[in-house]
Amino acid sequence: MLQLALIRQQPDFVKQRLQVKNFDASAAVDSILLLDEKRKKLQLELESSQAGLNAISKEIGQLMAQGEKEKATAKKLEVSRMKTGLTPLQQGLDLADNQLQEILVSLPNLPAAAVPPGKSPADNVTVREGGKKPVLPSGAVPHWDLAKRYNLIDFELGNKITGAGFPVYVNQGAKLQRAMIQYFLDFNTTAGFVEYQPPLMVNEDSAFGTGQLPDKEGQMYFATEDRFYLIPTSEVPLTNLWRDNIVKEKDLPIKMTAYTPCFRREAGSYGKDVRGLNRLHQFDKVEIVQLVHPEKSYAALEEMVLHVERLLVSLQLPYRILRLCGGDMSFASAITYDFEVFSAAQEKWLEVSSVSNFETFQTNRMKIRFKDDQGKMQLLHSLNGSSLALPRILACLLENNQFSGGIAVPEVLHTYFQARTLSPGPANP
RNA sequence: GGAGAGAUGGCAGAGUGGUCUAUUGCGGCGGUCUUGAAAACCGUUGAAGGUCAAACUUCCGGGGGUUCGAAUCCCUCUCUCUCCGCCA
């Protein structure tokens, strides 16, 4: 949620920045300014009346204490009459407040100055590439064929017990995934991120806090009986751990990491992009989240980008880093870098991480603040990134590392996986 | 699932209709003393809106009600704890 003060002070700047996200905010910003004026006027009027009432009520109390019952009764009548005039004021104020809030939460975050304009993924800017695309042996196949041949993942079993997009990892497939989770978590905690195991379901307030509600209502699984949402990413519970908190400046930055499954309905997805591990309803991800001093968030962003890049380098995967254009960025983000790895048999780039600075957009909703050295209350900046999304990393590893005798496991995973290669395994049910 | 008890400031914990403008303790911050520290003592210490600053308004789990006046009474929801039942 944008800060009202910013809209008040620089309405034209807000409109102009949101155009980079292809969002026409003219009408919304103008309504906000009008409603804000209206609200202030009503509030002033209401509060001065309330002050008067409060004073008389206090007098009544004193008169009662002195036993002056008649005078008190007279005052009571006076106050009841005044009170009826207050109701419409209160209602008007509540209405203006609600309308203001409703428009305010519908506005996306402003893109940072460095965000390139653009409408589609084609307008994203490649920041840099790394790693080397492999030369595959003849007869190389995509990961879904390898998954079958080596008995690593069973998509049909998943279909049976749940539905499409819920694969069952088997044997070495399950073990390799576990090895990666452990390696990624160790990589993050070594860099100072504190490990958490958060709940996988969150309430409405949490989903609102990070910006999933109301924007992405239909994209989350929802347990109607208890009104809980299955998390689409651990960013949601991790960031919300600090909701309604005033953090001590000396405790900054707050760095967190977690492994969790993630659940996404992916309503509207179809066709070739959903083949194999490319797009799932449930997938594993290791996430990093930071809450930092507002002046340090862009340094923190660069640090996180380098951190994820080092992780990809250690896995020896060909990757590229994109700076997303305004049109491809998420609702809550001020700037986003996407990491893609090249899945050699599909000949496709797959997004495996997205690192974003949300500035105060989330913390304003969640009221995560600190007191600066002047004693002034300020909102923190929140950032997060994947490190990493597992299925697509797995897809890429399988495809890129296949050779005649098996599939090579990257060196950094050898001790975690307790083997150097994948070999064909036993049959499933 | 059944029965009971609760939810008050960073934490503990008083307050059952009228200066509550929320007692007190701990913690935090500042100071005195000290070579320095501890102890002791003194002072200070919630948030939001509003204002140049103040005044002022709102907030005692959420929502609603009674009343001139609600932390306090009523309704309702949520959550927590204790006991019983079930259970990994």
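Across all strands shown, B:A88 has no partner, as no Watson-Crick or G-U wobble contact with both distances under 3.5 Å is found. In a base pair of the Watson-Crick type (N1 to N3 plus N6-O4 or O6-N4) or a G-U wobble (N1-O2 and O6-N3), with each distance short of 3.5 Å, B:G27 is matched with B:U45. Using the Watson-Crick or G-U wobble rule with both distances under 3.5 Å, B:C79 pairs with B:G6. B:U32 is paired with B:A40 under the criterion used here, namely a Watson-Crick or G-U wobble arrangement in which both key atom distances are under 3.5 Å.
Between B:A48 and A:R369, a contact under 4.0 Å exists linking OP1 or OP2 to a side-chain N or O. In terms of phosphate contacts, A:N203 brings no side-chain nitrogen or oxygen within less than 4.0 Å of OP1 or OP2 of B:U78. A:N54 has no side-chain polar atom (N or O) that falls below the 4.0 Å cut-off from OP1 or OP2 of B:C56. Using a 4.0 Å cut-off, no side-chain N or O of A:K371 falls inside it from OP1 or OP2 of B:U45.
Between the A:S353 side chain and the A:F339 main chain, no donor and acceptor come within less than 3.5 Å of each other. Panel note: side chain A:R17, backbone A:A112; a donor-acceptor pair is recorded below 3.5 Å. Here the side chain of A:R323 pairs no donor or acceptor atom with the backbone of A:V127 at under 3.5 angstrom.
For the C1' atoms, the distance from B:U78 to B:U19 is 35 Å, rounded to whole Å. Spacing of P atoms, B:U21 relative to B:G27, comes out at 29 Å, to the nearest Å. The same atom, C1', is picked in B:C42 and in B:A47; the two are 28 Å apart, to the nearest Å. Look at the C1' atom in both B:U32 and B:A71: the space between them is 38 Å, to the nearest Å. B:A14 and B:C60 have their C1' atoms separated by 13 Å, with the value rounded to a whole Å. Nucleotides B:A22 and B:C59 place their P atoms 13 Å apart, quoted to the nearest Å.
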Please tabulate the protein-to-nucleotide N/O contacts below 3.5 Å involving nucleotides 17-21 of chain B, giving atom names and distances.
from	atom 1	to	atom 2	distance (Å)
B:G18	N2	A:S57	O	2.8

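The aromatic ring centres of A:F361 and A:F331 sit less than 6.0 Å apart.
Using modelled atom types, one finds no donor on one side chain facing an acceptor on the other under 3.5 Å when comparing A:Q362 with A:T239.
Note: CZ (A:R39) to C1' (B:U57) measures 13 Å, nearest angstrom. Remark: P of B:G50 and CG of A:D97 are 11 Å apart, rounded to the nearest angstrom. Separating the CZ atom of A:R243 from the C1' atom of B:G61 is a distance of 13 Å, rounded to the nearest angstrom. Atoms CG (A:D205) and P (B:G61) sit 17 Å apart, rounded to a whole Å. Put simply, CD on A:Q50 is 17 Å from P on B:A55, counting in whole angstrom units. Separating the CE atom of A:M377 from the P atom of B:U45 is a distance of 15 Å, rounded to the nearest angstrom. A:D244 places its CG atom 13 Å from the P atom of B:G9, with the value rounded to the nearest Å.
The local environment of CD in A:E411 is sparse, with at most 12 non-hydrogen atoms from other residues, nucleotides or ligands closer than 6.0 Å. More than 12 heavy atoms of other residues, nucleotides or ligands sit less than 6.0 Å from atom CD of A:E249.
Mapping A:L53 and A:S48 onto RNA chain B by nearest heavy atom places A:S48 closer to the 5' end of the strand.
Between the side chain of A:E47 and the base of B:G50, no donor-acceptor pair under 3.5 Å is found.
Between A:D145 and A:K148 there is no salt bridge, since none of the side-chain N atoms of the basic residue sits less than 4.0 Å from a carboxylate O of the acidic one.
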